[in-house]
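Note sheet for the following structure.
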Amino acid sequence: MNEAEGNEGLRDFIRDRVQADLAAGKYPGVVTRFPPEPNGYLHLGHAKSICLNFGIALENDGICNLRFDDTNPVKEDTEYVDSITEDVKWLIDGWADSVLSEKTFFASDYFEQLYGYAVQLIQHGKAYVCELQPDEWEEYRGVPEKPGKESPGRSRSPEENLALFERMRAGEFADGDKTLRAKIDMASPNLHLRDPVIYRIRHEEHHHAGDQWCLYPMYDFTHCLSDSIEGISHSICTLEFEVHRPLYDWVLDNLPVPQPRPHQHEFSRLNPTYMVMSKRKLLQLVEDNHVSGWDDPRMPTIAGYRRRGFTASAIRNFCQRVGVTKYKGVTDVSLLENAIREELNKTAARRCAVLDPLEVVIENYPEGESEELEAVNNPEDEAAGKRSVPFGRRLFIERADFMEDPPKKFFRLGPGREVRLRYAYFITCQSVEKDAEGNITRLICTYDPETRGGHAPDGRKVKGTIHWVSAEHAVDAEVRLYDRLFTEPEPEATGDFLECLNADSLKVVTGKLEPSLAELPAGERVQFERLGYFTPDAKDTAPEKPVFNRIVGLRDSWAKIAKK
RNA sequence: UGCCCGAUGGUGUAACGGUAGCACGACAGAUUCUGGUUCUGUUUGUUGGGGUUCGAAUCCCUAUCGGGCAACCA
C-alpha cells in the first residue's frame with residue numbers, strides 16, 4: 001500500500017472493506033469516483049466525500065474519476081460544471097492531484113450506451129413503456145405497507161415496447177406522456193423496486209449533450225451503469241442512497257456488464273453546526289440575497305471558504321478528523337476552526353492592525369519625530385525573520401484595550417496604568433479626553449524611553465501587552481469581520497432556517513493597518529496580532545484600497561472572563 | 001401498525017471477544033513581549049433488559065430512542 005501523505009493509519013469501515021476486497025482479489029485495483037450533479041456549488045459535505053474518494057484511491061495506488069452526474073437538464077448548468085471542477089482541483093492540489101483521472105467524465109457522454117442497455121432490458125422483458133400520468137402514480141405505486149398495482153403497460157410485448165421506446169426517442173410524445181420502467185416487483189416493501197422509472201421525456205436542451213436528446217435516463221439507471229462503464233470498484237455515496245442499493249444491484253445483475261462489477265457503499269453525510277448544507281437552501285440564500293453569492297465568505301461552500309481565506313489542507317484535515325461512519329451526528333464547527341487556526345498559527349506572519357481605533361498621544365515623545373522598531377514576524381517560525389515598524393507621537397490602539405474603570409482582571413490600559421506596546425515601549429495613561437457626549441476621544445500618555453524594544457532595564461513588569469499602529473504611517477483598509485451565518489446550532493431543525501440567520505454575520509469596519517500590509521498580495525494570510533487571521537479579499541482588494549477578510553478569530557479567553 | 005439503517009463523555013471518533021483511548025470543547029494551573037501558542041492536570045461515556053462466554057462496547061435476542069424510504073430529482 002502506498003503511504004499517502006497525512007493519511008497513514010486512517011481507518012474506517014469503508015477502507016476496511018476496500019482492504020478486504022483487495023485481499024480477496026475481488027478487483028484488480030481501486031477505482032473510485034466523485035460524482036456531483038452540476039446544479040449547485042460544492043460545499044463542505046462534498047469536501048468530505050472528495051477526501052474519502054480521493055483518499056482511498058491515493059492510499060491504494062488507484063485512481064479517482066471526476067464525473068458529472070448530469071441526467072437532469074432542467075436543473076443543471078455549465079456554470080456549475082466550471083465551479084465544481086475548479087473547487088475539486090483546488091481542494092486536492094498538492095495532495096491527491098496525482099490520482100485524479102486525466103479526463104473529466106460526464107454521465108451524459110454515456111447516453112447512447114445507456115440507451116442500448118435499456119433496449120436490452122426491454123428485449124428481455126425486463127422493462128416496459130408506461131403511460132400512467134403523474135396523478136395516477138400515487139394510486140399505482142401503493143404505500144409501504146401495501147403492494148402497488150400493475151401498470152397497464154406492464155404486460156405489453158417486448159416488440160411493442162421497443163417500438164414505443166424508439167418513438168419516445170424520436171420525439172413523438174410530449175413531456176410526461178410516457179416513461180420507461182424497469183419490471184421488478186410492484187409488491188416490494190422497498191418502494192424503489194416497484195417498477196421504477198428509468199427514462200422520462202424532457203424536450204429540453206442539455207448543457208453538455210446539446211439538443212441530441214429529448215429522452216433522459218434517471219439517476220438509478222445511470223449511476224450504476226456509469227460506474228460500470230468506468231470500471232469503478234467502490235462506489236461510495238451517502239446514506240440516503242442506501243435504499244437505492246437493491247436497485248443499483250438489480251440493474252447491474254440484469255444486464256451483461258463487465259465483471260467484476262462495482263459495489264455501492266454508504267456513509268453518513270457531514271452535518272456541521274451553525275450551517276445549512278442542502279443545495280436547495282444554499283441556493284435560496286444566494287437567490288434571496290442573504291449572501292453576496294455562492295462564494296460569499298460566510299457560505300459553507302468550497303468557494304466561500306477559499307475566498308474567506310481557508311486553506312485546502314485545513315479543510316482536508318478537518319474532514320479527516322471528522323471520520324467516516326454510518327452514524328448521523330452533528331459536527332461541532334469548532335473542529336473546523338481548530339484545523340485552520342492550527343495551520344495558520346504555524347504559517348501566518350504576524351502583523352499589527354487596529355480595527356476599532358482610539359487615538360493615543362505620547363506627550364513626552366518629541367513632536368515631528370518617528371523611529372523604526374524591530375518586530376518578530378512569526379514566533380512559531382524563526383525563519384520568518386523580522387521586520388521594522390514605524391513608531392511616533394500619535395498612535396492608535398484598540399478601543400477595547402482601554403477601560404476608564406477597569407475591573408480587577410483587566411490587564412490592559414486604564415487611567416494611571418502602565419502597559420507594554422508590543423515591540424515598542426511601556427506607556428502610562430495620564431489623562432482621558434472626551435467629547436460633549438462623554439465619549440472617549442483621546443488618551444494622553446507618557447512613555448518610558450528606557451523601555452525601547454519592550455523591556456524595562458529595572459526589571460519591572462507590566463501585566464498587559466497591547467498592539468498599536470503609528471497614526472502618521474497607518475494605512476486605512478476595509479476589514480470584513482465574518483461570523484457564523486446562523487444563530488442556532490442546527491438551523492435546519494428549527495421551523496424556518498431563515499429565521500435564525502445571524503444579523504451580525506458580517507461587520508464591515510475601517511481598520512488602521514501597519515504600512516507593510518498596504519500591498520499584501522491576495523492569497524497571503526496573516527495574523528493581526530491579538531485579533532485573528534486575515535487575508536485580502538481576492539475579488540475586492542486593490543492596492544489603493546485594501547480589503548481584508550477575517551478568516552477566523554484567535555481564541556479569546558478574555559472574552560470568556562469578561563462575560564462572567 | 002411495512003422495509004432499511006443507526007446508538008460509546010458536551011460533540012465527533014477508536015477499541016475487530018481480553019486494561020474503554022484519541023481529537024475538539026469545557027474547567028484549573030504553569031509558561032509567555034499576542035488574555036494567542038505551548039505544556040500539565042481535571043471532568044464526563046459503552047441506551048435499557050435478557051442471553052452466550054473464564055471474559056462482551058464488541059456475538060445473539062428483545063425493548064427503547066433516533067434517522068431514512070412513497071419526484072417522471074440526484
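Bear in mind the structure is a predicted one, so any value in this text is a computation, not a measurement.
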Residues from residues 68-75 of chain A lying under 4.0 Å of RNA chain B - heavy atoms: A:D69, A:T71, A:N72, A:K75

For the pair A:E418 and A:K463, evaluate salt bridge (charged side-chain N to carboxylate O under 4.0 Å, His left out) and give the outcome as yes or no after the intermediate values. CA-CA 8 Å; A:E418 184 173 51; A:K463 268 291 209 185; over 6 Å; no

Suppose you measure atom P in B:rU47 against the same atom in B:rA28; what distance do you get, rounded to whole Å? 31 Å

Regarding A:R11, tell me which of base, sugar-phosphate or nothing describes its non-hydrogen contacts under 4.0 Å with the strands shown. base

Which is true for A:H455 with a 4.0 Å heavy-atom rule: it touches a base, it touches only sugar-phosphate, or it touches nothing? base

Which heavy atom in A:Y140 sits nearest to a heavy atom in A:M186, and how many Å separate them? O-CE, 3.4 Å

When we call it a touch if two heavy atoms are under 4.0 Å apart, what does A:F528 touch: a base, just sugar-phosphate, or nothing? nothing

Base, sugar-phosphate alone, or nothing: which one does A:R341 contact when heavy atoms must sit under 4.0 Å apart? nothing

Whole-angstrom distance between B:rG25 and B:rU38, as gauged at atom P: 10 Å

Taking any heavy-atom pair under 4.0 Å as a contact, classify A:K560: base, sugar-phosphate, or nothing. sugar-phosphate

Measure CD/A:E492 against P/B:rG68 and give the value in whole Å, please. 11 Å

Using a 4.0 Å heavy-atom cut-off across all strands, classify A:G454 as base, sugar-phosphate, or nothing. base

Taking atom P in both B:rA15 and B:rU53, compute the distance separating them and give it to the nearest angstrom. 27 Å

In terms of the angle between their ring planes, are A:F528 and A:F534 parallel, tilted or perpendicular, with boundaries placed at 30° and 60°? parallel

Which part of the nucleic acid, if any, lies within contact of A:R555, taking any heavy atom under 4.0 Å across all strands shown: a base, the sugar-phosphate backbone alone, or nothing? sugar-phosphate

Using heavy-atom distances to pick each residue's nearest nucleotide on RNA chain B, tell me which of A:N345 and A:Q527 is more 5'. A:Q527

Within 45° of the ring axis of A:Y274 and under 6.0 Å from its six-membered ring centre, is that where the NZ or CZ of A:R484 lies? yes

Would you say the base of B:rG35 stacks on A:W558 (centre-to-centre below 5.5 Å, plane angle below 30°)? yes

Please determine, for the side chain of A:E380, which listed nucleotide (B:rA14, B:rC5, B:rU37) has the closest atom? B:rU37

Please verify the inter-ring angle class for A:F165 with A:Y115; under 30° counts as parallel, over 60° as perpendicular, anything in between as tilted. parallel

Hey, does the side chain of A:R200 come within less than 4.0 Å of B:rA74's phosphate (OP1/OP2), counting only N and O? yes

Remember a base hit wins even if backbone is also touched, and classify A:I561 as base, sugar-phosphate or nothing at under 4.0 Å, heavy atoms. base

Donor-acceptor pair under 3.5 Å: do we get one between A:H244's side chain and the base of B:rA74? yes

Hey, does A:L132 reach any base, or is it just sugar-phosphate, or nothing, if we go heavy atoms under 4.0 Å? base

Any side-chain N or O of A:T325 less than 4.0 Å from the OP1 or OP2 oxygen of B:rU13? yes

Classify A:P379 by what it touches in the nucleic acid, base, sugar-phosphate, or nothing, heavy-atom distance under 4.0 Å. base

Considering all heavy atoms of both residues, which atom of A:I362 and which atom of A:I427 are nearest to each other, and what is their separation? CD1-CG2, 3.8 Å

Polar contact flag, side-chain donor to acceptor under 3.5 angstrom, A:D332-A:S334: yes

Considering only the P atoms, how many Å lie between B:rG45 and B:rC22, rounded to the nearest integer? 16 Å

